[in-house]
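What follows is a short report on a single structure.
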Amino acid sequence: MLSSLVLLLSSAAGSALALNNGLATTPQMGWNTWNYHACEINSSVILDAASAIKQRGLDQLGYKYVVIDDCWQAAERDSQGRIPADPQKWPGGLKNVTDAVHQMGLLAGIYSSAGVLTCGRRLGSLDHEEVDANSWAEAGFDYLKYDNCFNQGRAGTPKLSFDRYNAMGEALNKTGRAILYSACNWGEDGPWNFGSEIFNSWRMSGDVANSFDRASDYCPCESTIGCQLAGFHCNIRKIINMAAPLGQKAGPGRWNDLDMLQVGNGALNRDESITHFSLWSALKSPLILGNDVSTDLTRFSNESLAIVANEHVIAVNQDPLGTPAERILNLDSGTHQIWTGPLTNGSYVVAMVNFAEEPWTRTLTLADIFYDAGKEDQQARSAAWNVYDLWAGVDYEAPARRELTLMEGSPFRESLAESTIPPHGTVMLRLTPAEQ
Ligand SMILES: *[C@@H]1O[C@H](CO)[C@@H](O)[C@H](O)[C@H]1NC(C)=O
Ligand SMILES: *[C@@H]1O[C@H](CO)[C@@H](O)[C@H](O)[C@H]1NC(C)=O
Ligand SMILES: *[C@@H]1O[C@H](CO)[C@@H](O)[C@H](O)[C@H]1NC(C)=O
Ligand SMILES: *[C@@H]1O[C@H](CO)[C@@H](O)[C@H](O)[C@H]1NC(C)=O
Ligand SMILES: *[C@@H]1O[C@H](CO)[C@@H](O)[C@H](O)[C@H]1NC(C)=O
């Protein structure tokens, strides 16, 4: 009786509805023009990035979507009410570009805003949803990033935001084309509540800065819940903290989007990049590269490439169970954090994050991870586990030849190995049940 009730409750929580378009069953991966190129884009930038993705083998790791962000538009709608592509930037039209992207086995994305203008003050799609969705479908797009600028004040309640984003969702659905719907409303009005059935992912904060922890008044909220001004210049540390309560709302087809990656954009050191990528992966954020991915290979250092190409960390992000990690220990006023989450086949991921300026040494115990009084956690605490360090084996010269490092003395019971985590760094472990 009791256990069937628990089952019922947990399956109700686990089966929250997602948008019924069959997409993003694991978080989407790809590349977007904005963080590096901003408005300076054209067909050669896109085709060069697509070629580089192939050349680097990034598509084989899952980076499939090549997303054109803002500033692709011409200045005026045409006689049929459509937004044409800027002919200077896209001399062969957008279809020409998506065809080339598809020929490479990749997928193509486009951008607009649920407002009268986009954030870059180009034409927006508010009240033009059907005509715009149709023209993107005809041009062969597979993905829409849909922003929130110039929304005419049609926000401030979940219903107002829902209506604006649902109008585009319905228009996309009506095209009959499978188009991944990536909402970018910065957490306004709680998209994890009103939006998880109408889009595949939602941005949960103001725009990410190219900074690990520099404070900015332009990202004023400490929590995204009830935030009145999402803003921008939100640093990596702040977004991780803001995302902490939201994992419970995500799952296959419906993801918290922590914003695009800043790895390779020059401001984050190696340990900061590892923390950024580890947490984006463990929290099941879409992994959208935002650096200069081009066929000029000097533009993407081997060190940055090895970080975003760590297949073991990507496997955590793409784990079919789709359960975001939960912060289980927030120590020393948040400077030291431990996150865990279940993976398929009875495995777990653990991330130990050090936001401090000094190294942090700590022995992880099974009681840290399996802290519940219930039977399952009791059993897990006394079981034997193999422990893999997902970053220790990274070889920057030959990213393809990384091996998982089994920590010494395995299998582990009770206490796991002591880890020393560098300033701003993260140790990421995978625990798998050991053969008894
Ligand atoms: C495309 O944009 C890049 C980057 O801004 C620029 O270097 C290049 O000259 C442009 N190409 C064309 C054909 O406009
Ligand atoms: C795109 O247009 C160019 C120039 O018109 C043409 O050479 C090329 O074949 C086109 N590519 C595709 C994939 O249609
Ligand atoms: C449109 O929505 C219906 C109902 O949810 C769904 O069955 C269908 O797969 C959707 N089509 C597309 C193209 O997303
Ligand atoms: C990356 O490593 C390769 C192989 O060792 C080397 O040839 C190349 O110069 C390196 N690239 C950069 C940008 O350092
Ligand atoms: C789970 O186990 C099955 C059976 O051994 C295996 O085929 C599958 O790849 C595993 N899944 C993951 C995500 O490791």
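Fair warning: this is a prediction, and the values are worked out from it, not measured in the lab. Whatever order the structure lists ligands and atoms in, that order sets their numbers, starting from 1.
In this structure, Arg381 forms no cation-pi arrangement with Phe370, as its terminal cationic atom is not both closer than 6.0 Å to the ring centre and no more than 45° off the ring axis.
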Kindly print each ligand 3 N/O atom paired with any protein N/O atom under 3.5 angstrom away, one pair per line, or none if nothing qualifies.
residue  : atom   : partner : partner atom : Å
ligand 3 : 2 (O)  : Asn173  : OD1          : 3.4
ligand 3 : 2 (O)  : Asn173  : ND2          : 2.3
ligand 3 : 5 (O)  : Asn20   : ND2          : 3.4
ligand 3 : 9 (O)  : Asn20   : O            : 3.3
ligand 3 : 11 (N) : Asn173  : ND2          : 2.9
ligand 3 : 14 (O) : Asn173  : ND2          : 3.3

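Between the side chains of Arg164 and Asn185, no donor-acceptor pair of N or O atoms lies under 3.5 Å. In the model, His37 has no side-chain atom that pairs as donor or acceptor with a side-chain atom of Asp69 under 3.5 Å. Between the side chains of Gln337 and Trp339, a donor-acceptor pair is found at a separation under 3.5 Å.
Qualifying side chain to side chain donor-acceptor pair (under 3.5 Å) partners for Asn345, counting only residues two or more places apart in sequence or in other chains: none. Applying the salt bridge (charged side-chain N to carboxylate O under 4.0 Å, His left out) criterion to Asp78, with sequence neighbours excluded, gives Arg82. Under the rule for a disulfide (SG to SG under 2.5 Å), the partners of Cys219 that lie at least two apart in sequence or sit in another chain are Cys234.
Between Asn42 and ligand 1, at least one pair of N/O atoms sits closer than 3.5 Å.
In summary, the atoms of ligand 5 found under 4.0 Å from a heavy atom of Asn345, numbered by their order in the structure, are 1 (C), 2 (O), 3 (C), 8 (C), 10 (C), 11 (N), 12 (C), 14 (O). Those atoms of ligand 5 with a heavy atom of Thr344 less than 4.0 angstrom away are 11 (N), 12 (C), 13 (C).
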